[in-house]
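First comes the structure, then the notes that go with it.
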Amino acid sequence: MSRSTEITFIRPDDWHLHVREGEALKSVVPDTAKRFARAIIMPNLAEPITTVKRAASYRDEILAAVPKGLKFEPLMVLYLTPQTTAKEIRKAAKSGFVKAVKWYPAGATTNSDKGVKDIADCYPILKVMEEVGLKFLVHGEVTDESTDIFDREAIFIERHMKKLALDFPDLKIVFEHITTEEAVHFVKSASSNVAATITPQHLLYNRNAILAGGLKPHYYCLPVLKREKHRLALVKAAVSGDPKFFLGTDSAPHAKGAKESSCGCAGIYSSHIAVELYAEVFEAEGCLKNLEKFASINGANFYGLPINKEMITLKSVSTAVPKEIKFGDHILVPLRAGGKVAWTLA
């Protein structure tokens with residue numbers, strides 16, 4: 001069968017995105033705004049976004065960085081802490097622009113030190129979220145040092161995800177950036193109120209990308225890349241058309257020096273070619289027809305938001321990926337730096 005020369009589909013949304021702040025933010029927001037109509041903005045800044053007032057200010061900063069002529073809507077998220085109040089949750093629900101609350105288990109990833117150690121302490125807050133309809137976004141990894149880093153997601157499911165889904169049956173939960181076969185099975189077997197985002201790096205690469213032939217810090221992210229069997233399970237879920245799985249890049253820019261250090265930070269920047277990379281995955285599986293569901297429909301339906309009316313077109317023209325991208329006063333090394341991507345945004 002001949003290869004498609006182009007595909008046109010509903011403009012997608014990114015349901016998991018980091019854009020940082022200040023000059024760095026101005027460098028990366030345009031990449032997302034060119035491809036996506038909306039994005040769920042992660043709140044784990046150096047000073048986390050814990051209030052509606054802070055979320056509104058951050059939203060304004062993002063909108064100011066959107067290039068003229070492009071329509072892009074940042075969907076804001078509050079960072080769950082032990083100090084989060086029911087009053088703030090109700091205020092968030094009424095705001096119209098805050099769509100979710102994020103649980104970072106303390107110590108799990110970048111700027112997670114102010115997160116929640118024991119989610120049971122926040123059960124009254126989750127009950128209010130369930131009542132007012134705010135989504136609950138979960139970074140699903142245990143953080144105890146005795147647990148192997150490659151097992152943290154699977155153990156988190158057993159300790160927390162199964163119980164959360166049972167204890168709050170009417171709370172819409174997004175299991176963020178899933179990385180394992182166990183996570184796919186859990187999401188598929190849970191109620192319709194449980195869904196998951198999947199990143200391009202976890203669909204395209206396994207842990208060999210980090211470790212084989214020498215340590216490659218620009219492939220280091222959290223949750224970390226896993227075995228090939230897990231990658232294959234994620235691909236199968238993503239391309240299936242199942243409404244429980246949708247696009248979330250977890251694009252997370254870091255300066256080159258911060259990645260290439262004695263304690264390199266976690267995060268992969270993919271916004272520059274995100275939709276194009278997903279297209280590669282779906283084409284390789286012979287499922288381009290389902291890309292629109294995964295990228296443009298499933299997430300909007302889960303969040304209860306209208307499907308975008310605009311369309312985008314990808315052409316099957318190979319494009320070179322820059323080795324470096326400007327990042328405020330620094331530079332970053334993007335995913336597939338110096339290589340090529342098989343599709344081009346028209």
Side-chain angles (χ1 to χ4, degrees), residues 15-18 40-52 54-55 58 75-93 98-144 147 152-180 182-183 186-187 190-191 193-199 221-223 248 250 252 266-267 299 302-303:
W15 299 102
H16 187 121
L17 178 69
H18 301 266
I40 283 284
I41 306 296
M42 291 295 109
N44 60 327
L45 304 183
E47 183 60 38
I49 305 297
T50 58
T51 66
V52 175
R54 281 267 288 142
Y58 191 30
L75 306 174
M76 310 311 291
V77 179
L78 297 189
Y79 185 115
L80 184 67
T81 76
Q83 290 74 45
T84 301
T85 66
K87 181 179 179 181
E88 199 65 34
I89 294 299
R90 294 185 189 282
K91 187 176 178 181
V98 176
K99 300 299 182 183
V101 177
K102 179 69 179 280
W103 175 27
Y104 290 100
T109 189
T110 304
N111 295 332
S112 62
D113 53 298
K114 296 177 182 176
V116 173
K117 293 182 179 179
D118 187 351
I119 195 60
D121 294 338
C122 294
Y123 264 36
I125 297 300
L126 299 188
K127 192 66 180 175
V128 177
M129 288 171 54
E130 188 176 45
E131 176 190 331
V132 299
L134 281 184
K135 311 303 179 288
F136 187 40
L137 315 185
V138 180
H139 180 115
E141 292 187 287
V142 297
T143 57
D144 50 287
T147 301
R152 289 180 178 180
E153 183 174 278
I155 291 174
F156 187 92
I157 294 168
E158 296 302 317
R159 287 188 189 173
H160 301 294
M161 289 301 291
K162 290 181 178 180
K163 186 170 178 13
L164 282 169
L166 289 173
D167 290 347
F168 298 93
D170 295 323
L171 179 64
K172 283 201 165 185
I173 302 172
V174 182
F175 197 170
E176 300 279 21
H177 45 49
I178 61 170
T179 65
T180 60
E182 290 89 344
F186 166 73
V187 173
S191 79
N193 281 334
V194 177
T197 56
I198 307 179
T199 77
C221 59
L222 289 172
D250 192 20
F302 188 81
Y303 273 81

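Computed over heavy atoms, backbone and side chain alike; hydrogens, waters and symmetry mates excluded. Residue numbers count from 1 along this sequence.
- Put simply, CD1 on Ile40 and OH on Tyr303 are 4.0 Å apart, with the number rounded to the nearest 0.5 Å.
- Taking the side chain as every heavy atom from C-beta outward, Tyr79 and Leu45 never approach each other to under 4.5 Å.
- Shown here for Ile119 and Leu126, the closest heavy-atom pair between the two residues is CG1-CD1, 4.2 Å.
- Closest non-hydrogen pair, Thr84 versus Ile125, comes out as O-CD1, 3.3 Å.
- Taken to the nearest 0.5 Å, the CD1 atom of Ile49 stands 8.5 Å off from the CG atom of Leu78.
- Below 30°, between 30° and 60°, or above 60°: for Trp103 and His160 the angle between ring planes is above 60°, a perpendicular geometry.
- In this structure, the side chains of Trp15 and Leu137 stay at 4.5 Å or more apart for every pair of heavy atoms.
- The closest side-chain heavy-atom distance from Ile198 to Ile178 is below 4.5 Å.
- Contacts of Ser191 classified as side-chain hydrogen bond (donor to acceptor under 3.5 Å, both in side chains), with partners at least two apart in sequence or in another chain: none.
- Side-chain contact between Lys102 and Asn44 is absent, with no heavy atoms from C-beta onward closer than 4.5 Å.
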Practice item. Check step by step if side chain to side chain contact (heavy atoms under 4.5 Å, CB included) holds for Arg54 and Thr50. Key: CA-CA 7 Å; Arg54 281 267 288 142; Thr50 58; 5.5 Å; no

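- Leu134 contributes atom CG, which lies 12.5 Å from atom NZ of Lys172 (distance to the nearest 0.5 angstrom).
- Between Met161 and Val138, some side-chain heavy-atom pair lies under the 4.5 Å cut-off.
- Note that the OG1 atom of Thr180 and the CD1 atom of Ile157 stand 4.5 Å from one another [nearest 0.5 Å].
- Minimum heavy-atom separation, Glu153 to His177: OE1-O, 3.9 Å.
- By the 4.0 Å N-to-carboxylate-O rule, Lys127 lies too far from Glu131 to be salt-bridged with it.
- Across all their heavy atoms, Phe175 and Gly140 have their closest contact at CE2-CA, 3.6 Å.
- Inter-residue side-chain proximity for His18 and Asp250 is flagged as met; some heavy-atom pair is nearer than 4.5 Å.
- Between Asp144 and Arg152, the shortest heavy-atom contact is O-NH2, 4.2 Å.
- Separating the CD atom in Glu130 from the CZ atom in Phe136 is a distance of 11.5 Å, to the nearest 0.5 Å.
- Contact check for Glu176 versus Met42: side-chain heavy atoms found under the 4.5 Å cut-off.
- Residues Pro43 and Tyr58 are not in side-chain contact: their nearest non-hydrogen atoms beyond the backbone lie 4.5 Å or more apart.
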Tell me which donor-acceptor pairs under 3.5 Å the side chains of residues 163-171 have, and how far apart each pair is, sequence neighbours excluded?
from   : atom 1 : to     : atom 2 : distance (Å)
Lys163 : NZ     : Asp167 : OD2    : 2.7
Asp167 : OD2    : Tyr123 : OH     : 2.7

Exercise for review: Under the side chain to side chain contact (heavy atoms under 4.5 Å, CB included) rule, what do Lys99 and Lys135 come out as? Steps first, then yes or no, please.
Suggested key: CA-CA 6 Å; Lys99 300 299 182 183; Lys135 311 303 179 288; 5.6 Å; no

Practice item. Check the pair His16 / His139 against side chain to side chain contact (heavy atoms under 4.5 Å, CB included), numbers first and verdict last. Key: CA-CA 11 Å; His16 187 121; His139 180 115; over 6 Å; no

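- With rounding to the nearest 0.5 angstrom, the CD atom of Glu88 is 10.0 Å from the OG1 atom of Thr81.
- Taking every heavy atom of both residues into account, Phe302 and Val174 meet most closely at CE2-CG2, 3.6 Å.
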